[in-house]
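Predicted model, so just to flag it, every value in this text is computed and none were measured. Below, read A as the first sequence line, B as the second, and so on, with proteins coming before strands; counting in each chain starts at 1.
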Amino acid sequence: MRLYNTLTGEEKEFVPADGNTVKMYVCGVTPYSSTHVGHALSYVVFDTLRRYLEYQGYQVKHIQNFTDVDDKIIQRAQEAGISEDALTAQYIDDFFRTMDALNILRADVYPRATQEIGPILETIQSLVDKDFAYAASGDVFFRVNRKEDYGKLSHRTLDGMIAGARIQVDEDKEHPMDFVLWKGAKPGEPAWESPWGPGRPGWHIECTAMSLRYLDYPLDIHGGGQDLIFPHHENEIAQSEAHTGITPFAHHWVHNGLLQLGEDKMSKSLGNLVSVEEALAEYSADALRMYFLSSHYRSPLQYSDEGSAAMERSMDRFYHALRPTDVEEVAPASGEALDAAPFRQRFLAAMDDDLNTPQAIAALFDLARDINRERDAGNLVAEAQTTLRELGGVLGLTFEERSAGSDQLAASPFIDLLVSTRTELRQARQFALADRIRDELAAQGVVLEDSAQGTVWRYQR
RNA sequence: GGCGACGUAGCCAAGUGGUUAAGGCGGAGGUCUGCAAAACCUCUAUUCGGCGGUUCGAAUCCGCCCGUCGCCUCCA
């Protein structure tokens, strides 16, 4: 497949270096607040990339970190009067529940910064030894001037960054853009012993230490949201390449566009967040995945209730197309089987083109339409349905219609009874009474569908 | 101020030099139905922010203008 690489700014044919196993590192979250729909978008994108690579026959080794020590975690824990560990444990749980609910495959390893202090210290020491880093007043900084290609990912120069003029002056730094590798501890903060005194790792160094430990360089794919390009990934490149001398340390840098809420980017600092929990209370995981994949992964996407609702309705097309074809008992399918191969080809060609999920989805809708059409014509569609399920699965769609709650299941025999009563009334042409049953069931959220084969009912979605 | 992205129907969103500009939502008509609903069929952008230019040919390339957004600070 062809895949866009942020580092070069162009699409490049993607092949794992060893031809078989894809080494993929995706930056994870800082667990101090609920997982929001922006996170969900990002991880749905990388989950889809992973599923597609696996569908192509590759093994994917997927590593995703938790930044479980940082200023905000310390602050929130103190506000809540609990330990940092208790706070992060809570939100890591939330994260996993959310990922599972969205049918996002688990990474192979989820390393945590606090559990990788040893490798982190070794990496920092190596950078100090190589003169890429220096200690100052208990902190350790990366010396950006020593890395000549600093800025190559975000396509900016040190001069250009300084022109931004929003840099805080720090007298301990040799250069304003030097960034912290090790942060000396202030009283009351969690700290680990180091050659430079007690402290904790800076944000960027953990990813260097972890990706090297769990995947070895060079990585095939390094991913994250576009907001991580600078400074996080730029700094990671500087550290990783300075540390190992391997350049580039990741072949493909893949960044998803950010989810926006209204006019602005959805972000922790703006506080305009919608949690995944809130979204899933209203909409199915399939609908949300469809929403996230309905625009190209590198484009920004506006999140809205209207958009989610539209996707929910569009899923009905698939649900209906995938229903069992017991119709064939009445009108024996004598015709030809629907050939899904052209749709599969369209789907694969779209996915091969830098994960063009909007086009891939369009192919699936066309396939669904043909399934409905051919089934009505009495042709065989079982194989085509299998193809639709399989390709939808590459996008992580489950096609599970929203399951009924337990009290709804308990009501089923009574609804069946009302439906069969209505059928008898209709046969007796007692339409007023029959319609009353239909209307009152509708008021309870039960939708009846009449067809030549009888009446089926379902809960309104 | 520096760097970058984008502007396609009522809404969302593909397409980036060449037959009828994907797909979804919404809308209109039809088939089916006792009537509905669901489903299916048909229709729904002579035109791609504006103005110039290159070309036999541009939504697609170039220039200018208008507008929106992102990064430059924690962030997926």
With rounding to the closest Å, how many angstrom separate the P atoms on G17(B) and C11(B)?
27 Å
D353(A) CG to A22(B) C1', in whole Å, measures 13 Å
For the side chain of R438(A) and the base of C35(B), is some donor closer than 3.5 Å to an acceptor across the two? yes
Comparing L301(A) with D70(A), nearest RNA chain B nucleotide closer to 5' gives the residue L301(A)
Expressed in whole Å, how much space separates the C1' atoms belonging to C66(B) and A28(B)? 35 Å
| In whole Å, what separates the C1' atom of G49(B) from that of U31(B)? | 41 Å
Hey, would you say the Y43(A) and F95(A) ring centroids sit under 6.0 Å apart?
yes
Whether the side chain of D286(A) engages the backbone of T398(A) through a donor-acceptor N/O pair (distance < 3.5 Å, no angle test) should be reported.
yes
R436(A) atom CZ is separated from A36(B) atom C1', nearest whole Å, by 18 Å
side-chain contact (heavy atoms from CB on, under 4.5 Å) filter on D100(A), not counting sequence neighbours, yields R106(A)
Checking A38(B), C69(B), A76(B) against the side chain of R458(A) (C-beta onward), the nearest is A38(B)
| request: Using the C1' atom on both, measure A45(B) against A9(B) and round to a whole Å. | output: 5 Å
Separation of A13(B) atom C1' from L259(A) atom CG, nearest Å, is 15 Å
Checking only heavy atoms, does the side chain of D450(A) share a donor-acceptor pair with the base of A36(B) at less than 3.5 Å? yes
Notebook entry, point to check: Counting only N and O atoms by type, is there a donor-acceptor contact under 3.5 Å from the side chain of D139(A) to the main-chain atoms of G184(A)?
Noted result: yes
Atom CZ of F230(A) and atom P of C3(B) are separated, to the nearest Å, by 15 Å
Those residues at least two apart in sequence (or on a different chain) that pass side-chain hydrogen bond (donor to acceptor under 3.5 Å, both in side chains) with Y110(A) are none
*Is there a donor-acceptor pair closer than 3.5 Å between any side-chain N or O of E312(A) and the backbone N or O of S284(A)?*
yes
Is the charged tip of R298(A) near the ring of Y4(A): under 6.0 Å from the six-membered ring centre and within 45° of its axis?
yes
N256(A) atom CG is separated from C69(B) atom P, nearest whole Å, by 20 Å
- Message: Any base atoms under 4.0 Å from H255(A), or only sugar-phosphate, or nothing? Heavy atoms, all strands.
- Response: nothing
Q. Does the base of G2(B) carry an N or O that pairs as donor and acceptor with the side chain of D159(A) under 3.5 Å?
A. no
Between the main-chain N or O of L153(A) and the side-chain N or O of H155(A), is there a donor-acceptor pair closer than 3.5 Å?
yes
Sorted by chain and residue number, the ring-ring contact (aromatic ring centres under 6.0 Å, His included) partners of F46(A) (sequence neighbours excluded) come out as none
Side-chain contact check for R373(A): nearest option of A76(B), C41(B), C69(B) is C41(B)
Taking any heavy-atom pair under 4.0 Å as a contact, classify G28(A): base, sugar-phosphate, or nothing. sugar-phosphate
Whole-Å distance, Q64(A) CD to A76(B) C1', equals 9 Å
Practice problem: Please check the phosphate of A14(B) (OP1 and OP2 only) for any side-chain N or O of S299(A) closer than 4.0 Å. | Solution: yes
**Asked** Which part of the nucleic acid does Y291(A) contact within heavy-atom distance under 4.0 Å: base, sugar-phosphate only, or nothing?
**Response** nothing
Q.
Using atom C1' in both nucleotides, what's the gap between G50(B) and U8(B) to the nearest angstrom?
A. 15 Å
Q) Going by modelled atom types, is there a donor-acceptor pair between the base of G34(B) and the side chain of R426(A) at under 3.5 Å? A) yes
On RNA chain B, more 5' by nearest nucleotide between A432(A) and R313(A) is R313(A)
Open item on the list: For a quick test of reading the model: is some side-chain N or O of R317(A) closer than 4.0 Å to OP1 or OP2 of C25(B)?
Closed with: yes
Quick note, side chain to side chain donor-acceptor pair (under 3.5 Å) partners involving residues 416-433 of chain A, not counting sequence neighbours, are D416(A)-W457(A), R422(A)-D450(A)
Sorted by number, residues from residues 354-369 of chain A placing a heavy atom under 4.0 Å from RNA chain B are N356(A), P358(A), Q359(A), A362(A), F365(A), D366(A), R369(A)
Mind checking G307(A) for me? I need base, sugar-phosphate or nothing, with any heavy atom below 4.0 Å counting as a touch. nothing
Report task. Using a 4.0 Å heavy-atom cut-off across all strands, classify N372(A) as base, sugar-phosphate, or nothing. Result -> sugar-phosphate
Would you mind classifying the nucleic acid contact of L228(A) as base, sugar-phosphate or nothing, using non-hydrogen atoms under 4.0 angstrom?
sugar-phosphate
From CG of D227(A) across to P of G70(B) the rounded distance in Å is 12 Å
Rounded to whole Å, the CZ-P distance (R298(A) to A14(B)) equals 11 Å
* When rounded to the nearest Å, what value does the distance between C1' atoms of U47(B) and A21(B) take? -> 8 Å
Note to self: Counting C-beta onward and ignoring hydrogens, is there a side-chain heavy-atom pair between V60(A) and L49(A) closer than 4.5 Å?
What the structure shows: no
Exactly one candidate in D354(A), T357(A), N356(A) meets side-chain hydrogen bond (donor to acceptor under 3.5 Å, both in side chains) with Y297(A); the answer is D354(A)
Among G34(B), A76(B), G2(B), the one nearest any side-chain atom of V29(A) is A76(B)
Regarding the side chain of S295(A), the nearest nucleotide among A76(B), G2(B), A13(B) is A13(B)
Of the listed A14(B), G34(B), A39(B), the closest approach to the H296(A) side chain comes from A14(B)
The ring-ring contact (aromatic ring centres under 6.0 Å, His included) partner of H222(A) among H251(A), H233(A), H232(A) is H233(A)
If we take the P atom in both G7(B) and A14(B), what is their distance in whole Å?
9 Å
For RNA chain B, the dot-bracket notation using Watson-Crick and G-U wobble pairs below 3.5 Å, [ ] for pseudoknot-type crossings and | for other-strand pairs, is ((((((((.[[[..)..(....]]]((((((.......))))))....[[[[[..)....]]]]])))))))....
Exercise. Expressed as a whole number of Å, how far does the P atom of C56(B) sit from that of C71(B)?
Worked result: 44 Å
